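Working notes, structure below.
Counting starts at 1 for both ligands and their atoms, following the listed order. From a predicted model like this one, the values you see are computed outputs, not experimental measurements. Just so it is clear, the values below take in all heavy atoms, side chains as well, and ignore hydrogens, waters and symmetry mates.
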Amino acid sequence: MTIDSVIEEYQLKIDSRLEMLSASSDQPYDAVFDAGRYSLLAGGKRIRPIILLEFYKLFGGIDDCAYNFACAVEMIHTYSLIHDDLPCMDNDDLRRGKPSCHKKFGEGMALLAGDFLLTEAFAVCAKTLGILPERVLSATAYLAAAAGGGGMIGGQVIDTAGNIVNEQMLFKMYSLKTCALIRAAAVCGVVLAGGDEQSITFAERYAENLGLAFQIIDDLLDVEGNAVTLGKPVGSDDKNEKTTSVRLLGAERCRALAEDFTNNAISALDCFDGNTEVLKEITEMLLRRKK
Ligand code: GRG
């Protein structure tokens, strides 16, 4: 099987599970389900759930049991995109090739759709079946911390404060805003499958490096990419006067750094005994991505 077909198979299965998890039910509050589903099913890359499922498999987990949990991570990711696009944040009109949630449903409903997806994600985690409850609890706690004030939200706070003056501050912000959720995906996969502390540390090392490479490529694409291919506007960072890796370090150094972080991520995978070929190929693929 080629890596493209492995990813496509994952995406199809994740999409159909997300559809099921966000189904509406003919209620007066259905509008918020419609808005949440609109963004959730608009076709993202599904990198975070795929990473979770690959780590889960690496440690001997039975694939299907972790699917809901993996989808919960995608729900949190989608909520962050909806809120990030709002006029009070980046004010972006296009996401995943479609009008942003607030453009389609209005600001109030987009805010609620994000809130709905975030809350529902933890309900989905709590309903994980076929995995020991103490593992589910521990993975849920990790995910909540990664998405919260000391994780993704904290990163967004630093980003919006707009006073990043050096590389160290920039990478601290990226570590929280972007890497935290990717780290949670990898670690939750390990934890749900019953991996030990050392494996968690290696998974964190992998995901931190992957996340930094991922964000730097995202910064480069915002300058050099194509809006149609990306499915979101280019030049958004400039419009919002964001300090990004490209602005601070220049495109050439960014390309070199993204390669270095990718290589570090791949080296971290070599610490595991099992088959990490799919993870390695995904990591390489993300470095070369155009969207
Ligand atoms: C909660 C408002 C709020 C923000 C949290 C994560 C985040 C901070 C904002 C989202 C926008 C952003 C630039 C995040 C950095 C990570 C990143 C590059 C996200 C895009 O993820 P992809 O490329 O998107 O996986 P798809 O659409 O493929 O799922």
Side-chain angles (χ1 to χ4, degrees), residues 7 10-11 14-15 18 38-52 70-71 73-92 94-98 100-102 107 110-111 113-119 121 144 146-161 170-171 173-185 207-208 210-223 225 227 229-240 242-246 258 261 282-283 285-291:
I7 290 175
Y10 265 130
Q11 287 170 336
I14 289 162
D15 282 7
L18 284 171
Y38 170 81
S39 294
L40 195 57
L41 303 175
K45 293 185 282 298
R46 312 308 192 202
I47 285 310
R48 294 154 192 83
I50 294 174
I51 287 172
L52 188 150
C71 286
V73 177
E74 184 66 21
M75 290 162 92
I76 294 173
H77 168 58
T78 305
Y79 120 76
S80 80
L81 300 180
I82 294 174
H83 281 192
D84 194 57
D85 289 338
L86 285 169
C88 61
M89 294 271 161
D90 280 1
N91 195 17
D92 282 330
L94 194 70
R95 175 66 69 177
R96 293 175 165 172
K98 293 166 79 175
S100 312
C101 194
H102 68 274
E107 278 182 52
L111 184 74
D115 293 343
F116 156 63
L117 290 175
L118 173 62
T119 317
M152 184 175 75
I153 299 285
Q156 182 76 352
V157 171
I158 300 173
D159 197 11
T160 49
L170 182 78
F171 286 140
M173 186 270 281
Y174 285 173
S175 173
L176 297 171
K177 184 180 88 162
T178 309
C179 304
L181 202 58
I182 297 176
R183 240 178 4 245
E208 179 72 14
L210 171 66
L212 290 173
F214 189 81
Q215 183 58 58
I216 292 171
I217 297 296
D218 196 70
D219 293 345
L220 282 164
L221 288 172
D222 190 67
V223 176
T229 313
L230 279 172
K232 62 180 181 179
V234 291
S236 172
D237 294 331
D238 235 21
K239 177 191 79 181
N240 290 300
K242 290 260 176 86
T243 304
T244 68
S245 57
V246 178
F261 286 127
I282 288 174
T283 308
M285 194 199 77
L286 290 174
L287 177 68
R288 292 188 302 273
R289 76 185 198 276
K290 298 282 175 247
K291 63 182 247 181

Measure across [X] and [Y] and return the closest heavy-atom pair with its distance rounded to 0.1 Å.
X	Y	result
L41	R46	CA-NH2, 3.9 Å
M89	D84	CB-O, 3.2 Å
T178	G211	CG2-O, 3.9 Å

Distance to 0.1 Å, residue and atom name: give those for the protein heavy atom nearest to [atom].
atom	answer
atom 24 (O) of ligand 1	H77 NE2, 3.5 Å
atom 8 (C) of ligand 1	Q156 OE1, 3.2 Å
atom 3 (C) of ligand 1	S80 O, 4.0 Å
atom 25 (O) of ligand 1	R48 NH1, 2.8 Å
atom 9 (C) of ligand 1	D84 CG, 3.5 Å
atom 15 (C) of ligand 1	Q215 OE1, 3.2 Å
atom 13 (C) of ligand 1	K177 NZ, 3.9 Å
atom 1 (C) of ligand 1	Y79 OH, 3.4 Å

Could you list which atoms of ligand 1 come closer than 4.0 Å to a heavy atom of [X]?
X	value
G44	26 (P), 27 (O), 28 (O), 29 (O)
M152	5 (C), 6 (C), 8 (C)
I153	1 (C)
R96	26 (P), 27 (O), 29 (O)
T178	15 (C), 16 (C)
D218	18 (C)
H83	2 (C)

Using modelled atom types only, decide if a donor and an acceptor are shared between the side chain of [X] and the backbone of [Y] within a distance under 3.5 Å.
X	Y	result
S175	F171	no
K239	N91	yes
Q11	K45	yes

Beyond-backbone contact of L111 with E107, side-chain heavy atoms, under 4.5 angstrom |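 They are not in side-chain contact.
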
Structural part of K45 in contact with ligand 1, heavy atom criterion under 4.0 angstrom |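 Under 4.0 Å from ligand 1, K45 contributes backbone and side-chain atoms.
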
Lys NZ or Arg CZ of R96 over Y38 ring: under 6.0 Å, within 45° |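 The answer is no, since R96 fails at least one limit relative to Y38.
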
Going by the side chain to side chain contact (heavy atoms under 4.5 Å, CB included) test, name the single residue among L230, D92, L94, D85 that passes it with S236.
->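 Exactly one candidate clears the test, D92.
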
State which residue, out of D222, D219, D90, fulfils the side chain to side chain contact (heavy atoms under 4.5 Å, CB included) condition with K242.
->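 Exactly one candidate clears the test, D90.
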
